Each structure stands twice: as structure tokens, then as C-alpha cells.
Amino acid sequence: MSERLQDKVIIVTGAGSGIGRAAAELFAAEGAHVAAFDINGEALDALHADNKTITTHIVDVTQPDPVRDSIIAVHRAHGRIDGVFNVAGGSGRRAGDGPAHDATLEGWNYTLNLNLTSIFLMCKYVLEPMLAQSSGAIVNVASVLGMTGNADFATHAYAASKGGVISFSRALAVYYAPHSIRVNVIAPGLIATAMSARAQQDEHTLAQLPRLQPLTGTLGQPDDCAAAAAYLLSDEAKFVTGVVLPIDGGWTAQ
């Protein structure tokens with residue numbers, strides 16, 4: 001294991017499971033001081049039990065006060081914040097997301113709040129210490145569905161929220177570049193996490209994987225996304241900002 005994140009203070013949201021947990025564990029192994037944010041306290045306890053160096057914070061990232069207060073706590077503990085990996089988010093299907101003609105307003109608002117407002121709040125409050133120290137790196141999680149349409153995945157609020165993450169991140173990248181703050185995006189395809197459990201059990205989706213993700217014809221793994229984020233948060237990517245990096249087995253190359 002390299003030490004490319006040695007002594008960096010990095011926040012990971014959605015760190016209790018899936019991509020977020022894989023990232024928290026990888027970043028810690030590469031020498032970072034990891035602050036794990038998640039709404040699920042039991043998941044955070046399990047993470048901390050496996051890696052005592054990771055500090056945990058129960059945070060609803062859609063709410064401004066808990067986000068601000070938790071970021072302040074991390075900054076007070078370490079005196080700086082070097083990076084943030086914004087993973088928290090998810091599907092709004094159960095809340096009413098779906099094809100635009102059938103989706104509910106409640107589903108739309110829920111999904112955008114979960115996937116886009118949460119990232120706005122994290123960036124808003126973490127940029128304050130980053131501006132003060134004139135450095136920092138932010139990596140936001142979007143999706144291939146924020147880059148390309150697909151009739152088989154008709155959750156249109158989700159697609160809009162992930163497209164919004166891309167546009168928001170690019171705007172930040174340009175605006176904050178003079179302050180030596182980098183902002184990049186990873187756009188996963190179908191990854192083997194709890195969020196994709198429905199797709200993993202759908203025979204039609206599984207049959208489409210060789211076409212959608214031709215590199216392997218299978219789902220990607222959380223570690224694939226964690227490794228990409230580790231690079232983007234490290235000094236190896238010091239000349240990289242405003243990039244949208246698909247982690248998708250070739251989905252968006254077609």
C-alpha cells in the first residue's frame with residue numbers, strides 16, 4: 001500500500017457502506033486521517049470497529065446545521081481539511097422517482113435533496129477552511145446516468161440530480177482554481193453495492209451488462225471507485241481539476 005494520502009485530513013460521506021466504506025478504508029490504509037460521515041450510526045460503529053483510526057460522525061448531509069457542525073469539529077481536531085469525497089446519496093424510486101410523466105413532485109424533491117443539495121451543503125461548508133488554507137481537493141460522486149440517457153433506467157430525478165452534480169462541480173472547479181482548490185467528479189456505472197441490489201436481481205439488467213459495461217461484462221466493485229478517488233485526492237492529481245472520470249467498464253465510451 002502506498003502512502004500518497006499520508007497525513008491528509010479527508011472527510012468521506014456515505015462512509016458506512018458501499019463505495020464510501022471502501023474509500024474510507026483505502027484512504028486510512030494510505031495514511032490519511034479519515035473522518036467518516038454517515039446517517040447510519042450502526043454502520044459507522046462497524047466501520048470504526050474494523051479500523052480504529054477512522055473517526056466517525058453521525059450526519060444527515062441533507063441538513064445544513066449537522067453538516068456545518070461536523071465539518072467544524074473535523075477542522076478543530078486537525079487544524080485543516082485537505083480533502084472531501086462526497087459519496088452519500090441514493091435512489092429516490094421509493095419516494096416517487098421514475099419516468100418524468102409518472103414521477104411525483106415529492107419524489108423529485110426528495111431525490112434532488114438527497115443527491116444534489118447534500119453535495120452543495122458539504123462543499124459550501126468545507127470550502128471555508130479550504131479557502132483559508134489556500135488548498136484542498138473535492139471529489140463528488142455523480143453517475144453515468146448524469147452523462148447519458150438510458151431507457152432501462154428511467155429514474156429521471158436521479159439522472160437530473162447526477163447531471164447537476166457534474167455541472168456544479170465544474171463550476172466550482174473553475175471558480176476556486178485560483179485558490180488552489182481542485183474539484184473533480186467520478187461517474188460510476190453499475191457497481192456492486194446495496195443501492196444496486198434491485199439491478200443485481202433483475203435478469204434483464206444482468207443480460208445487458210456485457211453491452212453496457214463491455215470491459216468485464218459484470219458489475220464494478222466499490223474498490224474501483226475508491227481507487228479513482230484516492231488518486232484525485234492525492235498530490236499525484238495536483239494538475240487535475242474539473243474532470244469527470246467515468247468508472248463504468250466502458251459504458252460511456254460507446
Side-chain angles (χ1 to χ4, degrees), residues 3-89 113-114 116-141 165 168-169 172-173 175-184 226 229-230 232-235 237-238 241:
E3 296 181 349
R4 59 182 166 175
L5 299 178
Q6 189 66 40
D7 294 328
K8 289 187 180 295
V9 179
I10 299 177
I11 297 171
V12 180
T13 74
S17 62
I19 294 170
R21 173 156 182 159
E25 292 175 332
L26 175 62
F27 299 171
E30 295 210 359
H33 303 287
V34 177
F37 287 15
D38 202 289
I39 198 170
N40 186 329
E42 291 184 2
L44 288 177
D45 288 344
L47 173 64
H48 182 69
D50 289 340
N51 193 321
K52 296 294 194 297
T53 69
I54 296 175
T55 61
T56 60
H57 304 255
I58 299 175
V59 187
D60 180 348
V61 292
T62 69
Q63 300 301 314
D65 290 348
V67 169
R68 181 198 61 219
D69 293 347
S70 297
I71 288 173
I72 288 173
V74 174
H75 187 257
R76 283 177 176 166
H78 298 281
R80 62 186 297 105
I81 297 175
D82 298 295
V84 177
F85 186 32
N86 284 315
V87 184
N113 193 45
L114 178 64
L116 184 55
T117 301
S118 61
I119 285 184
F120 158 70
L121 290 173
M122 284 297 302
C123 291
K124 172 180 172 61
Y125 290 113
V126 83
L127 280 164
E128 295 179 16
M130 286 183 175
L131 284 168
Q133 68 198 28
S134 296
S135 67
I138 297 170
V139 179
N140 295 324
V141 173
V165 169
F168 178 59
S169 300
L172 296 185
Y175 186 86
Y176 294 103
H179 301 276
S180 299
I181 297 170
R182 300 184 297 105
V183 185
N184 292 292
L232 290 170
L233 289 166
S234 76
D235 293 340
K238 65 183 184 299
T241 196

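Not measured: the values here are computed from a predicted model.
- Residues Val74 and His57 form a side-chain contact, since some pair of their non-hydrogen atoms from C-beta on lies under 4.5 Å apart.
- Residue Ile54 comes nearest to Ala36 through the heavy atom pair CG2-CB, 3.8 Å, listed as atom of the first residue, atom of the second, then distance.
- Rounding to the nearest 0.5 angstrom, the gap separating the CZ atom in Phe85 from the CD1 atom in Ile10 is 10.5 Å.
- Taking the side chain as every heavy atom from C-beta outward, Thr13 and Val59 never approach each other to under 4.5 Å.
- Separating the CG atom in Leu47 from the CD atom in Glu42 is a distance of 14.0 Å, to the nearest 0.5 Å.
- Rounding to the nearest 0.5 angstrom, the gap separating the CE atom in Met130 from the CD1 atom in Ile138 is 5.0 Å.
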Notebook entry, point to check: Should Val183 and Cys123 be marked as a side-chain contact (heavy atoms from CB on, under 4.5 Å) after you check the CA-CA gap, both sets of side-chain angles, and the distance that decides it?
Noted result: CA-CA 10 Å; Val183 185; Cys123 291; 5.8 Å; no
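- Residue Thr241 comes nearest to Ala173 through the heavy atom pair OG1-CB, 3.5 Å, listed as atom of the first residue, atom of the second, then distance.
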Margin query: Determine whether Asn86 and Val141 satisfy the following criterion, side-chain contact (heavy atoms from CB on, under 4.5 Å), listing intermediate values before the conclusion.
Written below: CA-CA 6 Å; Asn86 284 315; Val141 173; over 6 Å; no
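- Contact detail for Asp7 and Asp82: the closest heavy-atom pair is O-OD2, 4.1 Å.
- Side chains of Leu131 and Tyr176 form a contact here, defined as non-hydrogen atoms less than 4.5 Å apart.
- Side-chain contact between Asp65 and Arg68 is present, with at least one heavy-atom pair separated by less than 4.5 Å.
- The two residues Ala28 and Asn51 make their nearest non-hydrogen contact at CB-ND2, 3.7 Å.
- The side-chain heavy atoms of Ile71 and Met122, taken from C-beta on, include a pair separated by under 4.5 Å.
- For the residue pair Ser118 and Ala88, the shortest heavy atom distance occurs at OG-O, 4.1 Å.
- Side-chain contact check for Lys124 versus Pro64: every heavy-atom pair is 4.5 Å or farther apart.
- With hydrogens and angles ignored, the 3.5 Å screen pairs a side-chain donor or acceptor of Arg182 with a backbone N or O of Leu232.
- Between the side chain of Ser169 and the backbone N or O of Asn184 there is no donor-acceptor pair closer than 3.5 Å.
- Here the straight-line distance linking atom CD of Glu30 with atom CG of Leu233 works out to 10.5 Å at 0.5 Å rounding.
- When all heavy atoms of Phe27 and Ala229 are compared, the pair lying nearest together is CZ-CB, 3.9 Å.
- Of the candidates Gln6, Lys8, Arg4, Asp235 forms a side chain to side chain donor-acceptor pair (under 3.5 Å) with just one, namely Lys8.
- For the pair Leu121/Val61, no side-chain contact is recorded, criterion being any heavy-atom separation below 4.5 Å from C-beta on.
- Separation of atoms CD1 (Ile81) and NE2 (His33) is listed at 13.0 Å; rounding is to 0.5 Å.
- Note: His78 NE2 to Thr55 OG1 = 5.5 Å, rounded to the nearest 0.5 Å.
- Using a 4.5 Å heavy-atom threshold, the side chains of Thr56 and Asp38 count as separate.
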